[in-house]
Novice: 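To start, I am sharing the structure in question, which I have written as structure tokens.
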Amino acid sequence: MNILFFGGGNIAQAIITGLISSDYEKELIQFIDRNKANKKILKGLGIKESNSLQVGDNFDLIILCVKPKDAVSAVEEISSAVKNPKILSLVAGITSKRYLTISENIRLIRGMPNTSSEFKKGITAFCNINAPKNLYVKVQNLFSRIGVLVDVNSEKKIDDFTGLIGSGPAYFFHLLQVYEKELLKITEGNDRLTKSIISNLMIGVGTSIDSGKSLEELISSVASKKGTTEAGLKSMKANKISSSFNKSIKVAIKRSKEISSEF
Ligand SMILES: NC(=O)c1ccc[n+]([C@@H]2O[C@H](COP(=O)([O-])OP(=O)(O)OC[C@H]3O[C@@H](n4cnc5c(N)ncnc54)[C@H](OP(=O)(O)O)[C@@H]3O)[C@@H](O)[C@H]2O)c1
């Protein structure tokens with residue numbers, strides 16, 4: 001499948017890096033971007049810059065990876081240059097209704113990935129708006145190379161997924177800053193060792209979850225009566241960490257829905 005990335009920033013780079021490491025042929029990928037720094041990074045990855053959208057008809061898929069504020073004008077640009085554009089929008093918030101008012105000829109899939117696609121550990125939700133079945137299957141096959149897929153049947157769930165998973169890595173990076181600060185004291189400022197410890201902690205957590213045990217079982221396998229873990233968990237409960245985390249996720253989901261009314 002010939003792919004054009006429209007917008008070559010953070011998420012496009014993560015997906016492209018993941019695809020390359022899954023042995024996807026670089027020659028099948030091109031990009032359009034106006035940002036010099038991003039152009040340089042993508043060229044460094046061996047990805048060709050498309051010099052014109054006029055060649056858009058030659059692409060099996062255009063992956064829209066611009067910020068929400070740029071999405072409408074980007075799709076207007078695409079629609080004026082390409083007769084029947086097949087677009088996978090990875091943009092948060094902007095609804096299919098908005099895109100399809102630009103042109104009814106657009107064949108559209110909405111997707112919501114996260115940056116872990118870079119390491120083939122991505123999670124991507126898809127909602128097929130009006131794309132032919134064979135294109136939808138091809139898109140799913142493409143993203144299955146770089147992570148887990150979730151097929152959602154309503155577009156609204158893409159917003160929920162955005163707040164939960166698209167933003168997901170940042171929540172954990174944020175929480176881990178607490179760990180980093182404490183660990184740096186133990187490792188006497190050894191940044192590399194500190195990062196390795198945090199990374200192993202997270203890989204261990206992920207692998208434990210993959211083993212199929214419930215989260216409750218996993219907690220009790222670490223916490224023992226009157227032990228340190230139990231004391232830590234008790235304090236977390238007293239400080240309402242879970243409900244505070246839950247509130248933050250809900251705020252993010254709400255924000256994802258608000259974006260659609262802004263553009
Ligand atoms: N980052 C994530 O973790 C993540 C996860 C899931 C979904 N997403 C979605 O992915 C989209 C992109 O996010 P991002 O973080 O990758 O953004 P980004 O790093 O800002 O990348 C967007 C790139 O597109 C370029 N661009 C915008 N309009 C253009 C145009 N008309 N012609 C050519 N280039 C254009 C931008 O150039 P300028 O810098 O000059 O504006 C920028 O280089 C967002 O809508 C976001 O909701 C992101």
Side-chain angles (χ1 to χ4, degrees), residues 3-19 29-45 47-56 59 61-82 85 87-96 98-99 102 108-119 121-127 139 143 146-150 152 155 157-174 249 252-263:
I3 309 164
L4 175 70
F5 280 83
F6 194 105
N10 298 308
I11 199 67
Q13 288 165 23
I15 294 167
I16 291 170
T17 305
L19 287 174
I29 305 175
Q30 292 191 30
F31 76 92
I32 285 182
D33 202 294
R34 63 188 176 198
N35 178 305
K36 276 190 189 154
N38 285 331
K39 279 186 192 208
K40 198 172 165 204
I41 293 171
L42 287 171
K43 284 181 183 168
L45 290 173
I47 303 299
K48 193 175 155 202
E49 180 176 11
S50 174
N51 41 24
S52 153
L53 253 180
Q54 301 301 331
V55 293
F59 291 99
L61 183 70
I62 298 174
I63 305 188
L64 187 66
C65 296
V66 298
K67 294 276 191 218
K69 69 174 176 59
D70 295 317
V72 170
S73 61
V75 170
E76 282 169 351
E77 203 181 319
I78 293 168
S79 292
S80 62
V82 185
I87 300 178
L88 165 64
S89 168
L90 302 182
V91 177
I94 314 285
T95 61
S96 58
R98 182 67 188 92
Y99 292 127
I102 298 167
L108 182 69
I109 298 168
R110 280 194 64 196
M112 187 45 58
N114 71 2
T115 46
S116 308
S117 304
E118 179 175 354
F119 315 104
K121 293 284 179 198
I123 314 157
T124 311
F126 290 106
C127 182
V139 167
F143 277 77
I146 53 172
V148 171
L149 310 183
V150 185
V152 302
E155 199 176 343
K157 287 189 187 162
I158 291 281
D159 293 329
D160 300 343
F161 204 81
T162 307
L164 266 168
I165 307 295
S167 312
Y171 302 148
F172 292 95
F173 296 143
H174 176 75
I249 290 171
I253 292 173
K254 186 167 162 268
R255 177 68 198 131
S256 175
K257 291 184 206 303
E258 281 166 6
I259 291 174
S260 63
S261 59
E262 285 172 18
F263 302 99

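Position 1 is the first residue of the sequence, and the numbers go up from there. Order of appearance sets the numbers: ligands from 1, and atoms from 1 within every ligand.
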Novice: Rounded to the nearest 0.5 Å, what separation is found between the CD1 atom of Ile62 and the CG atom of Leu108?
Specialist: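 Taking CD1 in Ile62 and CG in Leu108, the distance rounds to 11.5 Å.
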Novice: Which option wins on minimum heavy-atom distance to atom 23 (C) of ligand 1: Asn114, Asp33, Asn35?
Specialist: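 When every heavy atom of Asn114, Asp33, Asn35 is considered, Asp33 comes closest to atom 23 (C) of ligand 1.
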Novice: Please check: side-chain N/O of Gln13 versus main-chain N/O of Leu42, any donor-acceptor pairing under 3.5 Å?
Specialist: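 Answer holds: no.
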Novice: For Asp33 and Gly8, indicate whether the former's side chain and the latter's backbone hold a donor-acceptor pair under 3.5 Å.
Specialist: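 Looks like yes, one N/O pair under 3.5 Å.
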Novice: So, Asp70 and Arg34, do they make that salt bridge, N to O below 4.0 Å?
Specialist: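 Counted as a salt bridge, because a side-chain N and a carboxylate O are separated by less than 4.0 Å.
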Novice: For ligand 1, which part of Pro113 has a heavy atom less than 4.0 Å away: the side chain, the backbone, both, or neither?
Specialist: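 Looking at Pro113 and ligand 1, atoms from backbone and side chain both fall under 4.0 Å.
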Novice: Please indicate whether any nitrogen or oxygen in Arg34 is less than 3.5 Å from any nitrogen or oxygen in ligand 1.
Specialist: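 Yes, at least one N or O pair falls under 3.5 Å.
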Novice: Would you call Gln30 and Ile3 a side-chain contact if the rule is heavy atoms closer than 4.5 Å?
Specialist: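 Not in contact.
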Novice: Check ligand 1 against Glu77 and write out every atom of the ligand that is under 4.0 Å from a heavy-atom position of the residue.
Specialist: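 With Glu77 as reference, the close atoms of ligand 1 come out as 31 (N).
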Novice: So is there a nitrogen or oxygen of Ile11 less than 3.5 Å from a nitrogen or oxygen in ligand 1?
Specialist: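 Such a contact does occur with ligand 1.
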Novice: Taking only heavy atoms of Met112, which atoms of ligand 1 are found under 4.0 Å from at least one of them?
Specialist: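 Matching atoms, with element in brackets: 6 (C), 7 (C).
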Novice: Look at the side chain of Ser167 and the backbone N and O of Thr162, then say whether any donor-acceptor pair between them is shorter than 3.5 Å.
Specialist: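 Yes; at least one donor-acceptor contact below 3.5 Å.
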Novice: Which bit of Asn38 is near ligand 1, meaning a heavy atom under 4.0 Å away: side chain, backbone, both or neither?
Specialist: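 The part of Asn38 near ligand 1 is the side chain, not the backbone.
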Novice: Provide the number and element of each atom of ligand 1 under 4.0 Å from a heavy atom of Ala92.
Specialist: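 Those qualifying, in numeric order: 45 (O), 47 (O).
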Novice: For atom NZ of Lys257, is the number of surrounding heavy atoms from other residues, nucleotides or ligands below 6.0 Å larger than 12?
Specialist: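 Yes, NZ of Lys257 has more than 12 neighbouring heavy atoms, counting only those of other groups under 6.0 Å.
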Novice: Do any heavy atoms of Gln13 fall under 4.0 Å from ligand 1?
Specialist: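 Contact check Gln13 vs ligand 1: negative.
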Novice: Show, in sequence, the C-alpha distance, side-chain angles and deciding distance for Phe6 and Phe31, and conclude whether the ring pair (Phe, Tyr, Trp, His ring centres under 6.0 Å) test is met.
Specialist: CA-CA 6 Å; Phe6 194 105; Phe31 76 92; over 10 Å; no
Novice: Classify the contact between Pro68 and ligand 1 as side chain, backbone, both or neither, using a heavy-atom distance cut-off of under 4.0 Å.
Specialist: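 Answer for Pro68: both.
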Novice: Quick one: CD1 on Ile146 to CD on Glu118, what's the gap to the nearest 0.5 Å?
Specialist: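 Those atoms lie 10.5 Å apart.
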Novice: Just which atoms of ligand 1 are under 4.0 Å from any heavy atom in Leu90?
Specialist: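 Once the distances to Leu90 are compared, the set is 7 (C), 8 (N), 9 (C), 10 (O).
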Novice: Measure from atom 22 (C) of ligand 1 to every heavy atom in Gly7, Cys65, Ala14, Ala71 and give the option owning the shortest one.
Specialist: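 Ranked by closest heavy atom to atom 22 (C) of ligand 1, first place is Cys65.
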Novice: Are any of the N/O atoms in Gly166 less than 3.5 Å from those in ligand 1?
Specialist: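 Between Gly166 and ligand 1, no N or O pair is found under 3.5 Å apart.
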Novice: Just by distance, do the side chain of Ser117 and the backbone of Asn114 share a donor-acceptor pair under 3.5 Å?
Specialist: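 Yes, the answer is positive, given that a donor and an acceptor are paired below the 3.5 Å cut-off.
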Novice: Is the closest N or O pair between Ala74 and ligand 1 shorter than 3.5 Å?
Specialist: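 Not met; the criterion fails.
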Novice: Select one of side chain, backbone, both or neither to describe which atoms of Asp70 lie under 4.0 Å from any atom of ligand 1, heavy atoms only.
Specialist: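 Within the 4.0 Å criterion, Asp70 contacts ligand 1 through side-chain atoms alone.
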